[in-house]
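Just the heavy atoms: all of them, side chains too, but no hydrogens, waters or symmetry mates, feed the values below.
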Amino acid sequence: MASPTLSPDSSSQEALSAPTCSPTSDSENLSPDELELLAKLEEQNRLLEADSKSMRSMNGSRRNSGSSLVSSSSASSNLSHLEEDTWILWGRIANEWEEWRRRKEKLLKELIRKGIPHHFRAIVWQLLCSATDMPVKNQYSELLKMSSPCEKLIRRDIARTYPEHEFFKGQDSLGQEVLFNVMKAYSLVDREVGYCQGSAFIVGLLLMQMPEEEAFCVFVRLMQEYRLRELFKPSMAELGLCIYQFEYMLQEQLPDLNTHFRSQSFHTSMYASSWFLTLFLTTFPLPVATRVFDIFMYEGLEIVFRVGLALLQVNQAELMQLDMEGMSQYFQRVIPHQFDSCPDKLVLKAYQVKYNPKKMKRLEKEYAAMKSKEMEEQIEIKRLRTENRLLKQRIETLEKESAALADRLIQGQVTRAQEAEENYVIKRELAVVRQQCSSAAEDLQKAQSTIRQLQEQQENPRLTEDFVSHLETELEQSRLRETETLGALREMQDKVLDMEKRNSSLPDENNVAQLQEELKALKVREGQAVASTRELKLQLQELSDTWQREEGRIQGQLNHSDSSQYIRELKDQIEELKAEVRLLKGPPPFEDPLAFDGLSLARHLDEDSLPSSDEELLGVGVGAALQDALYPLSPRDARFFRRLERPAKDSEGSSDSDADELAAPYSQGLDN
């Protein structure tokens, strides 16, 4: 592929402009022949500048005189001779490159600082960076067939690379296509760097001078040997070093401007980063930027430091009057076009800047130590942050655990309170259960005793039969006594009626008095009879209660015995006895009051005293006689009524003993 070329006029003016610039310091050590060659080159530059001025003057005045034509013809003739000499010189340099690099290095350096002719830049740049025979050139076609992860980023930035240049105008232009190919191929060769903004301007300048394969090889060599790879790494560590070194030079050589920059917070990276990343390709127009790039190809990044500081020296007075925004505008609009007409003046200013390589090496070591310390601090900070984050997480975990423990503690206290309450209730229930157990044990002992008694009774059933027979006998005797008492009462009623009849027929006072005495005796006898009846009822009640208790006990004892038939017979007998007891408890005696000669017998004879005014006339003997007449009972009953005739004091003192005496046979029957 043919490389794009600039117009001849522009290239000639670019190569041979600025004739009045003085030689640099290295020219003092050149030989006389080399000095003569440089003088010729300076003469050629002066002639080219004069011819250029005359041409502009002629075109501006529009005069067509003969003298002007002669002058123009003479200038063109001189220019053609100078171009021919320049072509011969650089052709000889290219053909004898190794000899020039080895023996004429100082002259070569001066020639490069004067500017490499446009038509020789492609070959000279390749010779300067030793990119003529690189193995990677053979891999280029294969790399283009591969895909790169940076393709999207490359496509995005291609349209912003030299947008005003004819070679790169248009979305599908040849320049954009070959630029994409070179950038893609390098992103595959160096995957650590991949693609970085700014590198496309360097590749674009190379493509303006040479085919894409050769541009690729030159770019690979620049990245490897000219510190560009360190500049374009993702960390951009080399850019930080360059900014640090440049700031030191600024502080050392332009302290006032440096102070002004600091006061306005106008950091060096804000204006100098693009200088190092694009080598002034985005700052100056192409003719000026290409002159700087010529020197960079031979001397490296030193020219960037020199040109950058020269620009600040030239514009120090203006920059001191501006604020941060004004300085930013000044760097973008004024500085780039200050040396359009005389690039040699910029080069001359650049080599007037003090640059000490040893000091730059020392600054590099200082920066490396500082970055190492910063790296250690960052590592320490990162470690501390990690520990802090872990501690925060630990604190959060502990807070959660503390909250959980607090909840568990509260829940435990509540649970313990509930358990204490339940424990108290359980203790109470346990005490009740123990009491019940004790009662049950006692009941069990009683039941076992009862079982033993039942077993003994079952072994001797005659004992139960005797007890039942005894109860039946007592019941029969009680019924007989009740019947006798009722009969005696009826008989006494009949006698009272009879006596009332006789009293009506015998109105004698003596008879009346005798009858009254008999009546009183009868009342006393009746009261004794009522008391006897009451006592009999009490005795019957006691017998009934005793019987019911014995019935329940015997029934409980015999629930599981084999004498079921015998038990049923006893139950039937008990029911009969109960019925007879109820009959004996029938209507109370003396339901109607007895009347005798207008005197009424009291219905309630169980009071403490009788309602008669003659009570004091009654004696013990009358009561006994009336008892013998009305109640011819058994000797035991007679003893009972005689005890009733005792004085009240004796009866009160012995009531309990009499009751015990009366109940003795029954208790003996129970014991038996």
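To the nearest 0.5 Å, atoms SG (C196) and OH (Y186) are separated by 10.5 Å. Rounding to the nearest 0.5 angstrom, the gap separating the CD atom in E422 from the CD atom in Q418 is 6.5 Å. Taking CG of L322 as the reference point, atom NE2 of H260 lies at 6.5 Å (rounded to 0.5 Å). Going from atom OG of S199 over to atom CD of Q197 covers 9.0 Å, rounded to the nearest 0.5 Å. We find the CZ-CD1 distance between F276 and I243 to be 5.5 Å, quoted to the nearest 0.5 Å. With rounding to the nearest 0.5 Å, the separation of CG in N423 from CD in E429 is 11.0 Å.
Closest approach of C242 to L231, counting heavy atoms only: SG-CD2, 4.2 Å. When all heavy atoms are compared, the tightest approach of S265 to M324 is O-SD, 3.6 Å. Of all the heavy atoms in S147 and L188, the pair that sits closest is O-CD2, 3.4 Å. Shown here for P163 and A159, the closest heavy-atom pair between the two residues is CB-O, 3.9 Å.
Residues Q477 and E474 form a side-chain contact, since some pair of their non-hydrogen atoms from C-beta on lies under 4.5 Å apart. With contacts defined as side-chain heavy-atom distances shorter than 4.5 Å, the pair M270/M327 does not qualify. Between F232 and L277, the closest side-chain pair of non-hydrogen atoms falls below 4.5 Å. Side chains of E442 and S438 form a contact here, defined as non-hydrogen atoms less than 4.5 Å apart. Counting heavy atoms from C-beta outward, D323 and F266 have side chains that stay 4.5 Å or more apart.
The pair R229-E238 does not meet the salt-bridge criterion, since no charged nitrogen lies less than 4.0 angstrom from a carboxylate oxygen. Under the 4.0 Å criterion applied to side-chain N and carboxylate O atoms, E374 and K371 are assigned as salt-bridge partners. Between E484 and R481, no side-chain nitrogen of the basic residue sits less than 4.0 Å from a carboxylate oxygen of the acidic one, so the salt-bridge criterion is not met. A salt bridge does not link K392 to E396: none of the charged side-chain nitrogens sits closer than 4.0 Å to a carboxylate oxygen.
Counting heavy atoms of neighbouring residues, nucleotides and ligands inside a 6.0 Å radius, atom CD of E325 does not exceed 12 of them. Around atom CZ of R408, no more than 12 heavy atoms belonging to other residues, nucleotides or ligands sit under 6.0 Å away. Residue-environment remark: CD (Q413) exceeds the threshold of 12 foreign heavy atoms within 6.0 Å. Shown here is R428, whose CZ atom has no more than 12 heavy atoms of other residues, nucleotides or ligands within 6.0 Å.
A donor-acceptor pair under 3.5 Å links the side-chain atoms of T397 to the main chain of Q393, judged by distance alone. Without hydrogens or angle criteria, S372 side chain to A368 main chain gives no donor-acceptor distance under 3.5 Å. Not a single donor-acceptor pair under 3.5 Å links the side chain of Q329 to the backbone N or O of G326. Judged by distance alone, the side chain of K184 and the main-chain N or O of M146 form a donor-acceptor pair under 3.5 Å.
Here the two rings, on Y271 and F261, have centers that are under 6.0 Å apart.
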I'd like to know whether E142 forms a side-chain contact (heavy atoms from CB on, under 4.5 Å) with K145, so could you lay out the CA-CA distance, the side-chain angles of the two residues, the decisive distance to 0.1 Å, and finally the verdict. CA-CA 5 Å; E142 297 296 329; K145 298 177 183 179; 3.9 Å; yes

Derivation and outcome, side-chain contact (heavy atoms from CB on, under 4.5 Å), residues I381 and R385: CA-CA 6 Å; I381 290 172; R385 287 177 178 173; 3.4 Å; yes

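Residue L241 forms a side chain to side chain contact (heavy atoms under 4.5 Å, CB included) with just one option from M236, E364, M370, and that option is E364.
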